[in-house]
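Beneath this line is the structure, given in structure tokens, with notes to follow.
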Amino acid sequence: MTAPFVIVGGDAAGMSAASKAKREDPDRDVIVFEKGEWVSYAACGMPYYVKGTVEDLEDLVAVTPEEFREERDVDLRTGHEVVAIDPQAKIVTVEANGERFDQPYGDLLIATGARAIEPPFDGIDLEGVFTLRSMDEADAIEDYVTAVDPETAAIVGGGYVGVEMAEALVERGVDVSIFEMLPHILQPFGEETARVVEDHLREQGVDLHLETAVEGFAGGDAVESVELADEGTVPADLVIVGVGVAPNVELAEEAGIELGPAGAIATDEYGRTNVADVYAAGDCAEATNAVTGEPDHVPLALTANRAGRAIGSTVSDDPTPTGETAGTAIVKAFDLGAARTGIIDPEQACEAGFDPVHVTIEAPTRPHYYPGATDLTVTLVADRESERVLGASLVGHEGTKRIDTVVTAVTTGLTVSELQNLDLAYAPPFSPVWDPILTAAKVLA
Ligand code: FAD
């Protein structure tokens, strides 16, 4: 009998792999060790739980532990932390209920995800200072907002979690300030998009502090203020620290598994690490960038789900590539959407050997005579000589999912002229005859 397929981590990557492996090979034992109690949860929905759009935290769970065990025949062990991997002996050491035991594996998937970065700010342990990564943290933030009814909140970091939490807390009646060290929020989305979102946040009453470094937090037991490097203190009854994530790679590193240039676990196109029969997927692993062909670390949900699913096939004798990442992302900021894909930053494009040119246009999302048209701002980036589409960023009140057209162009290596000639769908309720993406391509070509 084949030794079990063992998975470390029970969220997007881990449970996708478990389900797929069981479907492909129902006779093989699949064991998942998850150190927490939640599995298969949509972390992406947590800001909307705090906002109140999602009523129960349990609603964010896609498949319950019972369903995995009873309907999918996955041997799921929650409250079990894998503390060591011995690749020579092909065993993992697991800690649960204060005891340790060894579990042999035939194939092993490391799907340990990432954790929120906690800078060494003074007062980071004060009550009312949170990061948002786990379901327990989402629960704790919701409880705190309900119990304390904060008047003011400070969000440290203007990334997508910070922006989503700003919307959530404003909806809960809190005065929100965002502190961002860089000149603009949403750095991966580029300056043109960021400026539009920044104006909109201010219109919604968010107090935006750009190029502002936070030094720490002050208070008694609970946080009362944020201390800034240059601007004194700002009152805050609640703080969300959202300054990015770090991949959970320690377990892998200690087992001699190589990390890649982006600091996450290095994998080949099938998700294999440098150690035989050990795979890695999701936020703890690197993936190949679709534009540069180089390893990249883009900790997002589809990358994790898809890589996990592919590895579930591969370990079941159906080798399946995990797929490349275009770094595609989309975020809601109150009434606006912002989306990005590929390479937008000129410096990054130059480093990758391109000579980037770009255009930013505003174009209506429907014909002028049809109700509901709004402007979509499209920034399209291409390589000067080859005309290859490198990336795009969109922002507007509707239509930002149009980024998916550019994702296709970026991933398949289309030129701007080829993008311009795509036969995109048109009817007045949906789009002008020249879709904003085509208009941007026409201007850039
Ligand atoms: P994780 O979800 O981090 O899961 C890893 C699991 O491994 C955890 O449950 C952890 O407890 C467990 N684990 C770790 N170490 C061990 C160990 N040693 N033993 C046992 N178990 C272990 N992505 C998008 O694409 N779109 C979005 O809109 C979006 N919004 C987000 C909003 C928020 C607030 C957050 C926090 C994330 C968001 N993401 C979004 C990112 C997305 O949630 C992640 O990319 C995805 O969850 C990654 O899945 P994963 O399985 O790789 O890792």
Side-chain angles (χ1 to χ4, degrees), residues 6-18 31-51 54 60-62 65 76-85 92-96 103 108-117 130-138 141 155 157 159-165 167-168 240-242 244-252 254-255 264-265 271 280-287 297-309 311 322 325-333 337-341:
V6 170
I7 297 169
V8 191
D11 193 23
M15 297 322 289
S16 297
I31 306 172
V32 180
F33 294 115
E34 164 55 52
K35 67 180 180 182
E37 293 304 324
W38 296 93
V39 298
S40 193
Y41 47 89
C44 320
M46 294 189 307
Y48 303 102
Y49 170 66
V50 177
K51 185 180 173 187
V54 175
L60 299 181
V61 173
L76 168 62
R77 321 243 191 116
T78 51
H80 284 60
E81 180 172 4
V82 173
V83 292
I85 301 168
V92 293
T93 303
V94 185
E95 205 169 83
Q103 171 63 54
L108 177 70
L109 170 60
I110 302 173
T112 46
R115 59 179 175 274
I117 293 171
F130 298 92
T131 54
L132 178 57
R133 178 72 202 180
S134 67
M135 293 281 272
D136 292 336
E137 285 168 316
I141 294 170
I155 295 175
Y160 71 87
V161 172
V163 167
E164 289 173 353
M165 285 305 293
E167 180 184 329
I240 309 288
V241 178
V245 297
N248 292 322
V249 294
E250 293 75 8
L251 183 66
E254 281 161 22
I265 301 172
D283 284 8
C284 65
E286 293 184 355
H297 181 232
V298 183
L300 289 174
L302 179 62
T303 313
N305 281 279
R306 188 171 44 204
R309 189 171 191 274
I311 291 164
T322 50
T325 174
T328 309
I330 188 163
V331 60
K332 179 175 179 304
R340 59 98 53 222
T341 192

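Side chains are part of it too, since the values below use all heavy atoms of this structure and drop only hydrogens, waters and symmetry mates. Note that ligands are numbered from 1 as they come in the structure, with each ligand's atoms numbered from 1 the same way.
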Exercise. Within the structure, does Ala13 bring an N/O atom to less than 3.5 angstrom of an N/O atom in ligand 1?
Worked result: yes
Problem set entry | Leu132 and ligand 1 - part of the residue with a heavy-atom distance under 4.0 Å | both
Exercise. Going by the atom numbers of ligand 1, which of them fall below 4.0 Å from some non-hydrogen atom of His80?
Worked result: 20 (C)
Exercise. Which heavy atom of the protein is the closest neighbour of atom 52 (O) of ligand 1, given with residue, atom name and distance?
Worked result: Asp283 N, 2.9 Å
For this session: Would you indicate whether the side-chain heavy atoms of Arg77 and Gln103 approach each other to under 4.5 Å?
Result: yes
Problem set entry | Spatial distance of atom SG (Cys284) from atom CD (Glu250) [nearest 0.5 Å] | 10.5 Å
Problem set entry | Check: Ala287 main-chain N/O paired with Thr325 side-chain donor or acceptor under 3.5 Å | no
For this session: Any atoms of ligand 1 less than 4.0 Å from a non-hydrogen atom of Ala111? List them with their elements.
Result: 5 (C), 6 (C), 7 (O)
Problem set entry | Polar contact flag for Ala301 and ligand 1 (N/O pairs, less than 3.5 Å) | yes
Problem set entry | Ile240, Asp11, Thr328: member with heavy atom nearest to atom 4 (O) of ligand 1 | Asp11
Seminar exercise, completed: Separation between CG (Leu108) and CD1 (Ile311), nearest 0.5 Å, reads 10.5 Å
Exercise. Which of the listed options, Gly9, Gly14, Ala43, holds the heavy atom that is closest to atom 33 (C) of ligand 1?
Worked result: Ala43
Problem set entry | Nearest-contact summary for atom 18 (N) of ligand 1 - protein heavy atom, Å | Val82 O, 3.0 Å
Problem set entry | N/O donor-acceptor pair under 3.5 Å between Glu164 side chain and Val161 backbone | no
For this session: With rounding to the nearest 0.5 Å, note down the distance linking OG1 in Thr112 to CZ in Phe33.
Result: 14.5 Å
For this session: Step by step, work out the side chain to side chain contact (heavy atoms under 4.5 Å, CB included) result for Lys332 and Tyr48.
Result: CA-CA 11 Å; Lys332 179 175 179 304; Tyr48 303 102; 3.9 Å; yes
Problem set entry | Residues that Glu95 engages under salt bridge (Lys or Arg N to Asp or Glu O under 4.0 Å), provided they are two or more places apart | Arg100
For this session: Would you mind reporting whether Pro247 and Ile265 have side-chain heavy atoms less than 4.5 Å apart?
Result: no
Exercise. Of the protein's non-hydrogen atoms, which lies at the shortest distance from atom 53 (O) of ligand 1, and what is that distance?
Worked result: Gly113 CA, 3.2 Å
Exercise. Can you list the atoms of ligand 1 that are under 4.0 Å from a heavy atom of Ala304?
Worked result: 48 (C), 49 (O), 52 (O)
Exercise. For atom 29 (C) of ligand 1, what is the nearest protein heavy atom, given as residue, atom name and distance?
Worked result: Cys44 SG, 3.2 Å
Exercise. Of all the atoms in ligand 1, which lie at a distance below 4.0 Å from a heavy atom belonging to Thr112?
Worked result: 5 (C), 7 (O), 14 (C), 15 (N), 16 (C)
Exercise. Could you walk me through whether Met15 and Leu76 pass the side chain to side chain contact (heavy atoms under 4.5 Å, CB included) check?
Worked result: CA-CA 9 Å; Met15 297 322 289; Leu76 168 62; 4.2 Å; yes
Problem set entry | Closest protein heavy atom (residue, atom, distance) for atom 38 (C) of ligand 1 | Tyr160 OH, 3.4 Å
Exercise. Which one of Met15, Met46, Lys35 has a non-hydrogen atom at the shortest distance from atom 20 (C) of ligand 1?
Worked result: Lys35
For this session: May I ask you to list the atoms of ligand 1 that are less than 4.0 angstrom from any heavy atom of Pro299?
Result: 41 (C), 45 (O)
Problem set entry | For Gly36 against Thr78, the heavy-atom pair lying closest together | O-CB, 3.4 Å
For this session: Might you work through the side chain to side chain contact (heavy atoms under 4.5 Å, CB included) test for Ile141 and Met46, ending with a clear yes or no?
Result: CA-CA 10 Å; Ile141 294 170; Met46 294 189 307; over 6 Å; no
For this session: Show the numbers, then the answer: is there a side chain to side chain contact (heavy atoms under 4.5 Å, CB included) between Thr328 and Leu302?
Result: CA-CA 10 Å; Thr328 309; Leu302 179 62; over 6 Å; no
For this session: May I ask whether Trp38 has any heavy atom positioned less than 4.0 angstrom from an atom of ligand 1?
Result: no
Problem set entry | Interfacing atoms of ligand 1 (cut-off 4.0 Å, heavy-atom, Gly282) | 52 (O)
For this session: Tell me which part of Ala114 gets within contact of ligand 1: side chain, backbone, both or neither, using heavy atoms under 4.0 Å.
Result: backbone
Exercise. What protein heavy atom sits nearest atom 6 (C) of ligand 1, and how far away is it?
Worked result: Glu34 OE1, 3.6 Å
Exercise. Below 4.0 Å from any atom of ligand 1, is there a heavy atom belonging to Arg115?
Worked result: no
Exercise. Can an N or O of Glu164 be found at a distance shorter than 3.5 Å from an N or O of ligand 1?
Worked result: no
Problem set entry | Nitrogen or oxygen atoms of Gly36 and ligand 1 under 3.5 Å apart | no
For this session: Write out the residue and atom name of the closest protein heavy atom to atom 17 (C) of ligand 1, then the distance separating them to 0.1 Å.
Result: Val8 CG1, 3.6 Å
Exercise. Atom 49 (O) of ligand 1: which protein heavy atom is closest, and how many Å away?
Worked result: Ala12 CB, 3.4 Å
Exercise. Is there a side-chain contact between Val82 and Val6, using heavy atoms and a 4.5 Å cut-off?
Worked result: no
For this session: Please confirm whether Tyr41 comes within less than 3.5 Å of ligand 1 when only nitrogen or oxygen atoms on both sides are compared.
Result: yes
Problem set entry | Minimal non-hydrogen separation, Ala17 against Leu109, with atom names | CB-CD2, 3.3 Å
Exercise. Nearest non-hydrogen atom to atom 3 (O) of ligand 1 belongs to which of Lys332, Met135, Glu81, Arg133?
Worked result: Arg133
For this session: With sequence neighbours left out, write down each residue that passes salt bridge (Lys or Arg N to Asp or Glu O under 4.0 Å) with Asp283, or none if nothing qualifies.
Result: Arg133
